[in-house]
Every structure is written in structure tokens, then in C-alpha cells.
Amino acid sequence: QVQLVESGGGSVEAGGSLRLSCAASGSTRNGYSMAWFRQAPGKERAGVAKIGPFGVIAYADAVKGRFTISKDNDKNTLYLQMNSLKVEDSAMYYCAARRTYTEYDDTILPPSEYNYWGQGTQVTVSS
């Protein structure tokens, strides 16, 4: 069982930066794909970025070139560095994990494929 706890959200002006963290209670070094999702009011939860079990990274088109996902296996922590933030990036951001040894591609799977979720951290970007 893996428990995930996000932190680092907050309010920032457009153009600013935030770094989100997701601390895992157990080791996610091997056999886990981890991802960030976001959900704005009235919208579906959508994938933002992922790191697969073999290190393959993928980003949603809307954040490519602005967001960077990384993982510190020694600290069991997933990060999302968000730069050049836009108003439309405002959402609740969730960390997610799924147990897998067969995820090789560079696509972000839908939320239903992830087994473990954090409680979310709010990001608000003002103009």
C-alpha cells in the first residue's frame, strides 16, 4: 500500500513558478509509474506529466516546455516544477501512482489506471 501526500501549492501571479512535491509512504523506486494530474472546477481530471517505471517521461501538450517532472528515489518523492505559469494552469493538482512493470510508452494513462492518489494541492494563478 502506498500513501501519497502532496505539498507546495499556493497562489502566484501569471509568469511565476511553483514546485509541487509528492511524498510517498512506501518505496516507489521500482515497479511504479507516477504522475501528476490536475482538475479545474467543472472539468475532468487530466494528466499533466508522468514518469514511467523505466524512467520514460511524458507531458501534456499544454505544459510542455514549462513544467518539469522529476523523482528522487532516495526520498521517495515526486516533484513538479512549474514555470511560466498561466491563469489556465489554476487547478487542484494530484499525485498518482500505479504498480506496473509493463509501461514503456510516453503517453499519460487516464486517471482510472492509477491505483493510488494523494489528497491534492491547490494551485491558483492570477493575472
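Everything numeric in this text was worked out from a predicted model, so none of it was measured. Below, all heavy atoms of this structure are taken into account, side chains as well, without hydrogens, waters or symmetry copies.
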Heavy-atom check, side chain of [X] versus side chain of [Y], under 4.5 Å:
{"X": "D89", "Y": "R66", "answer": "yes"}
{"X": "L20", "Y": "V123", "answer": "yes"}
{"X": "R38", "Y": "L80", "answer": "no"}

| Residues in side-chain contact (heavy atoms from CB on, under 4.5 Å) contact with D105, at least two apart in sequence or another chain | K50, E103, T107
Roughly how far apart are [X] [atom1] and [Y] [atom2], rounded to 0.5 Å?
{"X": "K43", "Y": "M92", "atom1": "NZ", "atom2": "CE", "result": "15.5 Å"}
{"X": "S90", "Y": "L85", "atom1": "OG", "atom2": "CG", "result": "8.0 Å"}
{"X": "I51", "Y": "I108", "atom1": "CD1", "atom2": "CD1", "result": "11.0 Å"}
{"X": "M34", "Y": "S70", "atom1": "CE", "atom2": "OG", "result": "11.0 Å"}
{"X": "L4", "Y": "Q119", "atom1": "CG", "atom2": "CD", "result": "9.0 Å"}
{"X": "Q1", "Y": "N115", "atom1": "CD", "atom2": "CG", "result": "9.5 Å"}

How close do [X] and [Y] get, counting heavy atoms only, and between which atoms?
{"X": "G120", "Y": "Y94", "value": "CA-CD2, 3.6 Å"}
{"X": "C95", "Y": "E6", "value": "N-OE2, 2.7 Å"}
{"X": "S27", "Y": "Y32", "value": "O-CE1, 3.7 Å"}
{"X": "T77", "Y": "S21", "value": "CG2-CB, 4.2 Å"}
{"X": "W117", "Y": "P111", "value": "CZ2-O, 3.4 Å"}
{"X": "V2", "Y": "A24", "value": "CG1-CB, 4.2 Å"}

Side chain to side chain donor-acceptor pair (under 3.5 Å) with [X]: which residues, sequence neighbours excluded?
{"X": "S11", "value": "none"}
{"X": "Q39", "value": "R45"}
{"X": "D61", "value": "K64"}

| Short side-chain to backbone donor-acceptor contact, W36 and Y79, under 3.5 Å | yes
| request: Using modelled atom types only, decide if a donor and an acceptor are shared between the side chain of Y116 and the backbone of R99 within a distance under 3.5 Å. | output: no
| message | For residues L78 and F67: do they belong to one hydrophobic cluster (side chain heavy atoms under 4.5 Å, members Ile, Leu, Val, Met, Phe, Trp, Tyr)? | response | yes
| Out of curiosity, does I69 fall in the hydrophobic cluster containing V56 (side-chain heavy atoms, cut-off under 4.5 Å, transitive links)? | no
| said: Counting neighbours of CD on E44 that are heavy atoms of other residues, nucleotides or ligands and sit closer than 6.0 Å, is the number greater than 12? | reply: no
| query | Counting heavy atoms not belonging to E113, are there more than 12 under 6.0 Å from its CD? | reply | yes
| field | Partners meeting ring pair (Phe, Tyr, Trp, His ring centres under 6.0 Å) with F54 (sequence neighbours left out) | value | Y104
| query | Going by side-chain heavy atoms closer than 4.5 Å, which hydrophobic residues are tied to Y101, directly or by a chain of links? | reply | none
| Criterion side chain to side chain contact (heavy atoms under 4.5 Å, CB included) on R29 and D74, from CA distance to verdict | CA-CA 8 Å; R29 179 187 297 269; D74 291 335; 2.9 Å; yes
| query | Hey, are R98 and Y114 close enough side-chain-wise for a donor-acceptor pair under 3.5 Å? | reply | no
